[in-house]
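Only one structure is covered here, and it is reproduced in the block below.
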Amino acid sequence: AATPFIRDKFLKVNSQTVDINNFPIFGELESPHAVQERSIVTYVGDITAIRGIRELVHAMEHVKSDIKLSIAGDFVDKHLADEVRRQKGWARTNEHGFLDRAGVRDLLSVSLAGLVTLQPTIHYIDSLPVKMLEYMSAGIPVIASNFPIWREIIEGNNCGICVDPLDPIAIATAIDVLVNDPDRARQMGQNGKKAVLEKFTWDTEEKKLLNLYENLLWEQP
């Protein structure tokens, strides 16, 4: 199963159930170069309404600092793309299109924070988004939806700020908080990287997966 929440559902019918989380490979998105000036916040992934693109661009209308929004990914819906590009906040938005892994790494290396403000649907509330952990592994703080599972990780490791994903002003306020306190943002980034190294790396999940295969094979007649 993809998450512990889903695993627990299947455990009721079969004890041979484990969760294999799609955790990042530690160090893959870490830039070898130190960057002092970080003038963007970044969203990476498919660009859809349910993933909060309207609210992110709208939030840029309310951000009081000079920071800009960078988005890396493709719009799934052309009509949505046309709508969002007409928003006032688009003037403070950089659109990069699809980036390969090296491109994502380079973009995150100059980002103040990573954004993952997905909307509160059944698809996301109990999910564990890979992009949130990838932001953490890159050493930048996260601004994320205030879902209980996500809040436990982010607030529990002091590696970002949780907000109402439907509230552009709340998103803007969180961005300004990090812009105005770079030392806090830097420490949150380090906290996130440490949490990934200790708890959320693919090394752990790989061992669980191989162990499951081994147990299933040994059970064959």
Side-chain angles (χ1 to χ4, degrees), residues 21-45 52 55-56 59-60 62-72 92 94 99 101-118 127-165 167-205:
N21 301 276
N22 192 18
F23 290 161
I25 299 172
F26 188 78
E28 180 192 14
L29 296 177
E30 182 180 5
S31 173
H33 308 294
V35 177
Q36 297 301 321
E37 189 67 27
R38 296 174 181 263
S39 57
I40 60 173
V41 289
T42 297
Y43 167 85
V44 176
E55 288 76 15
L56 287 182
M60 298 311 296
H62 301 283
V63 170
K64 295 179 177 144
S65 57
D66 293 331
I67 204 153
K68 291 189 175 182
L69 168 66
S70 283
I71 56 174
R92 300 182 63 181
N94 301 317
L99 296 179
R101 300 298 283 174
V104 170
R105 179 199 63 209
D106 293 343
L107 184 61
L108 295 181
S109 73
V110 294
S111 300
L112 175 74
L115 299 161
V116 55
T117 51
L118 309 186
S127 70
L128 191 57
V130 177
K131 66 170 56 63
M132 179 174 77
L133 299 172
E134 288 183 338
Y135 296 152
M136 292 165 60
S137 74
I140 60 175
V142 180
I143 297 174
S145 304
N146 57 357
F147 306 152
I149 295 174
W150 300 15
R151 193 166 58 240
E152 181 179 346
I153 292 173
I154 293 170
E155 294 182 355
N157 292 285
N158 190 25
C159 62
I161 300 173
C162 293
V163 299
D164 178 353
D167 185 350
I169 295 177
I171 297 171
T173 300
I175 293 172
D176 281 330
V177 165
L178 296 178
V179 171
N180 293 328
D181 195 344
D183 290 337
R184 180 185 179 190
R186 194 176 302 110
Q187 185 59 57
M188 282 182 166
Q190 291 302 310
N191 293 345
K193 185 190 294 188
K194 181 174 183 289
V196 169
L197 177 61
E198 295 177 351
K199 308 172 190 177
F200 306 114
T201 65
W202 174 245
D203 288 348
T204 303
E205 303 307 294

Contact between [X] and [Y] at the side-chain level, heavy atoms closer than 4.5 Å - yes or no?
X: R92; Y: L69; value: no
X: V196; Y: T201; value: yes
X: F23; Y: K199; value: no
X: I143; Y: L178; value: yes
X: R105; Y: S109; value: no
X: I171; Y: E55; value: yes
X: C162; Y: V142; value: no
X: E134; Y: R101; value: yes

Would you check if the side chain of [X] reaches a backbone N or O of [Y] as a donor-acceptor pair within less than 3.5 Å?
X: S65; Y: D176; value: no
X: D181; Y: V177; value: no
X: R38; Y: V179; value: no
X: Y135; Y: V44; value: yes

Taking all heavy atoms of [X] and all of [Y], pick out the closest pair and write down the distance.
X: L29; Y: A138; result: O-CB, 3.6 Å
X: G139; Y: K193; result: CA-CE, 3.9 Å
X: I67; Y: M60; result: O-CE, 3.4 Å
X: A59; Y: A172; result: O-CB, 3.4 Å
X: A144; Y: W150; result: CB-CE3, 4.0 Å
X: L118; Y: F147; result: O-CZ, 3.3 Å

Problem set entry | Donor-acceptor side-chain pairing of Q187 and N191 below 3.5 angstrom |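 Side chains of Q187 and N191: pair found under 3.5 Å.
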In Å and rounded to the nearest 0.5 Å, what is the [atom1] to [atom2] distance from [X] to [Y]?
X: L107; Y: I71; atom1: CG; atom2: CD1; result: 10.5 Å
X: N22; Y: W202; atom1: CG; atom2: CH2; result: 6.5 Å
X: M132; Y: T117; atom1: CE; atom2: OG1; result: 12.5 Å
X: S145; Y: I154; atom1: OG; atom2: CD1; result: 8.5 Å

Exercise. Stepwise, does the side-chain contact (heavy atoms from CB on, under 4.5 Å) test hold for M188 with R184?
Worked result: CA-CA 6 Å; M188 282 182 166; R184 180 185 179 190; 3.3 Å; yes
